[in-house]
Visitor: 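Dropping a structure here in structure tokens format, bear with me for questions.
So that the names make sense, note that chain A is the first sequence line, chain B the second, and so on, each numbered from 1.
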Amino acid sequence: MTAIQRATGMQDVLPEDRRYWDFVIDKATDLAQRYGFQHIDVPIIEYTPLFARGMGTASDVFVQKEMYTIEEDDDTSITLRPEFTAGFVRAFIENGMMTWPQPVKLFSIGPIFRRERPQAGRYRQHSQFNAEILGELDPAADLEVMMLAMNLYRELGYKGLTFQLNSTGCPTCKPIYIQALTQYLADQQDKLAAIDKERLSKNPLRVLDSKEPGMDKLLAEAPHIIDHLCADCAAHLADLRGLLEALDQSYTINFRLVRGIDYYTKTVFEVWAEGIGAQAAVCGGGRYDGLAEAIGGPSTPGVGFGSGIERIILGLQEQGIEAPKTPQPTVLVAHFGGETKKTAVTLTYQLRAAGIGARLAFARDKRSLKSQMREANRWGVRTVLILGEDEVAAGMVTVRPLDGGDQTQIPLSDVVTKL
RNA sequence: GCGGGUGUGGUGUAGGGGUUAACACAUCUGGUUGUGGCCCAGAAGAUCGUGGGUUCAAAUCCCACCACUCGCCCCA
């Protein structure tokens, strides 16, 4: 653990990868705005209780263990955000967004922090694209966030995309389902692995995403929540499915996709893509009609999704999708030190001011033209502008194309317009 | 928290008890006057992850730790 080493789970984004970030962020921003979502930024730090919420369930306790929490001298506790949604909802309440035209559609892009063991595409600091619709119960809102997610990956060039869809019910019907599931699993207890027995006692819904062998068959015959939804939740799902079908958007009902905490309601979805290590999901989202109340605000329905930028990029690279190249200066200004350096510096800034990308050859004293030409080649510029004593004396500049064209001399004053 | 894999110049690798730790790429300089790529020559760059142990001798064998990585747990 030396001072000159990245902290665990942190990443440097080097220039050659950074272009993928611009590609993804630009696309996400463009698309979200096309859908009528407004860009917002919320703080990276919030008071801990905003994220701590309900407490009590097994996953909540775990959640707290994986948060970066700082206890301050004045007894307040703050936490690096482990997700976006809570901050959005807090901002909605605190800024009186209930008085804005409803619903409020927001998106943001930025880092979140989770103190977990890193794996492929999962880092302790990672960035998310998050989009949420607050204040709307219409399943068309669910559709909207789903399609925003799906079309993001499509427009980025992803292949092999599928929707995984389910409903997690609501406080009316979910407990009844959990009871039915628990009953079924308890009856089959001798067939469960140790880890699943533990899940059964702590958080039965989690048994549904068990990876233990034999569970596919066992769970296929288990009660499915879709058969236990109350009338309201069933109608919501039916409506959403009808809208997806109207768009000719295929989806797979995945009865193993659920959420264990009460404020998650109705729609749950993921987008899966081929590749990317153990996790197929490139995004997860759903409805949380109980969250605003859970953090002490007025009841406000919400639906949204989050998608990790690093994982999107990993997927792009695995699928062989190229991000656009970063623009590079097309000109290098070479000189021989002394007065020629002054002229070169002046010219370089004139070019830049005129919108032409230009590099200045650096040299404390004089430097061989060969070396400067090599540098030009290495950077891949198209043209070298040479300012030697002769040129400066004559008020000219030598224009040396690197692509095989003829070398010419033009007046210094014409360079900006002739390039 | 648990399990597998891996740690040798900036990067990728070779070397698996013996004296100057090798190679490729990258970097820098030069190949006569002010002209790139290819080529040639040279230079710089490594406490062989860290600490301990075995041995006359450890990059190499043993132990521990650390880091990275893949997966599990969990996934808000």
Visitor: Base, sugar-phosphate alone, or nothing: which one does A:Arg259 contact when heavy atoms must sit under 4.0 Å apart?
Guide: sugar-phosphate
Visitor: Could you state the atom-to-atom distance from CH2 of A:Trp272 to P of B:C75 in whole Å?
Guide: 16 Å
Visitor: Could you measure between the two C1' atoms, the one in B:G17 and the one in B:A21, and give it in whole Å?
Guide: 14 Å
Visitor: Check whether any side-chain nitrogen or oxygen of A:Thr8 sits under 4.0 Å from OP1 or OP2 of B:C68, and answer yes or no.
Guide: yes
Visitor: Do the ring planes of A:Phe37 and A:Tyr35 sit parallel (below 30°), tilted (30 to 60°) or perpendicular (above 60°)?
Guide: tilted
Visitor: How close or far is atom P of B:G1 from atom NZ of A:Lys65, stated in whole angstroms?
Guide: 8 Å
Visitor: For A:Tyr158 and A:Tyr153, I'd like to know if the aromatic rings sit close, meaning centre-to-centre distance below 6.0 Å.
Guide: yes
Visitor: Separation of A:Met215 atom CE from B:C72 atom C1', in whole Å?
Guide: 16 Å
Visitor: Between the side chains of A:Arg359 and A:Glu375, is the shortest nitrogen-to-carboxylate-oxygen separation below 4.0 Å, so that they form an ion pair?
Guide: no
Visitor: Taking the chi torsion of B:G31, is it syn (within 90° of 0) or anti (everything else)?
Guide: anti
Visitor: Would you mind reading off the distance between A:Glu116 atom CD and B:C70 atom P, rounded to a whole angstrom?
Guide: 13 Å
Visitor: Specify whether A:Tyr68 and A:Phe113 have parallel, tilted or perpendicular ring planes, treating 30° as the upper limit for parallel and 60° as the lower limit for perpendicular.
Guide: perpendicular
Visitor: If each of A:Ala7 and A:Tyr264 is mapped to the nucleotide of RNA chain B with the nearest heavy atom, which maps nearer the 5' terminus, i.e. the 5' end?
Guide: A:Ala7
Visitor: Between A:Arg199 and B:C74, is there a contact of a side-chain N or O with OP1 or OP2 at under 4.0 Å?
Guide: yes
Visitor: Before giving the answer on salt bridge (Lys or Arg N to Asp or Glu O under 4.0 Å), spell out for A:Arg19 and A:Asp22 the whole-Å C-alpha distance, their side-chain angles and the decisive distance to 0.1 Å.
Guide: CA-CA 5 Å; A:Arg19 64 196 172 102; A:Asp22 289 331; over 6 Å; no
Visitor: For B:C68, does the base pair up with any side-chain atom of A:Arg6 as donor and acceptor (N or O, under 3.5 Å, distance only)?
Guide: no
Visitor: Measuring from the side chain of A:Gln119 (C-beta onward, heavy atoms only), which nucleotide among B:C73, B:G36, B:C75 has the closest atom?
Guide: B:C73
Visitor: Hey, is the side chain of A:Lys211 poking within less than 4.0 Å of OP1 or OP2 on B:C73, counting only N and O atoms?
Guide: yes
Visitor: Do A:Asp17 and A:Gln11 make a side-chain contact, defined as non-hydrogen atoms from C-beta onward lying under 4.5 Å apart?
Guide: no
Visitor: Across nucleotides 28-35 of chain B, 5' to 3', mark each nucleotide with B, S or - according to how protein heavy atoms within less than 4.0 Å reach it.
Guide: S-BB--BB
Visitor: Would you say a side-chain N or O of A:Arg115 is under 4.0 Å from OP1 or OP2 of B:C74?
Guide: no
Visitor: When rounded to the nearest Å, what value does the distance between C1' atoms of B:A59 and B:C39 take?
Guide: 36 Å
Visitor: Check the distance between B:A76's P and A:Asp209's CG and give it to me in whole angstrom.
Guide: 9 Å
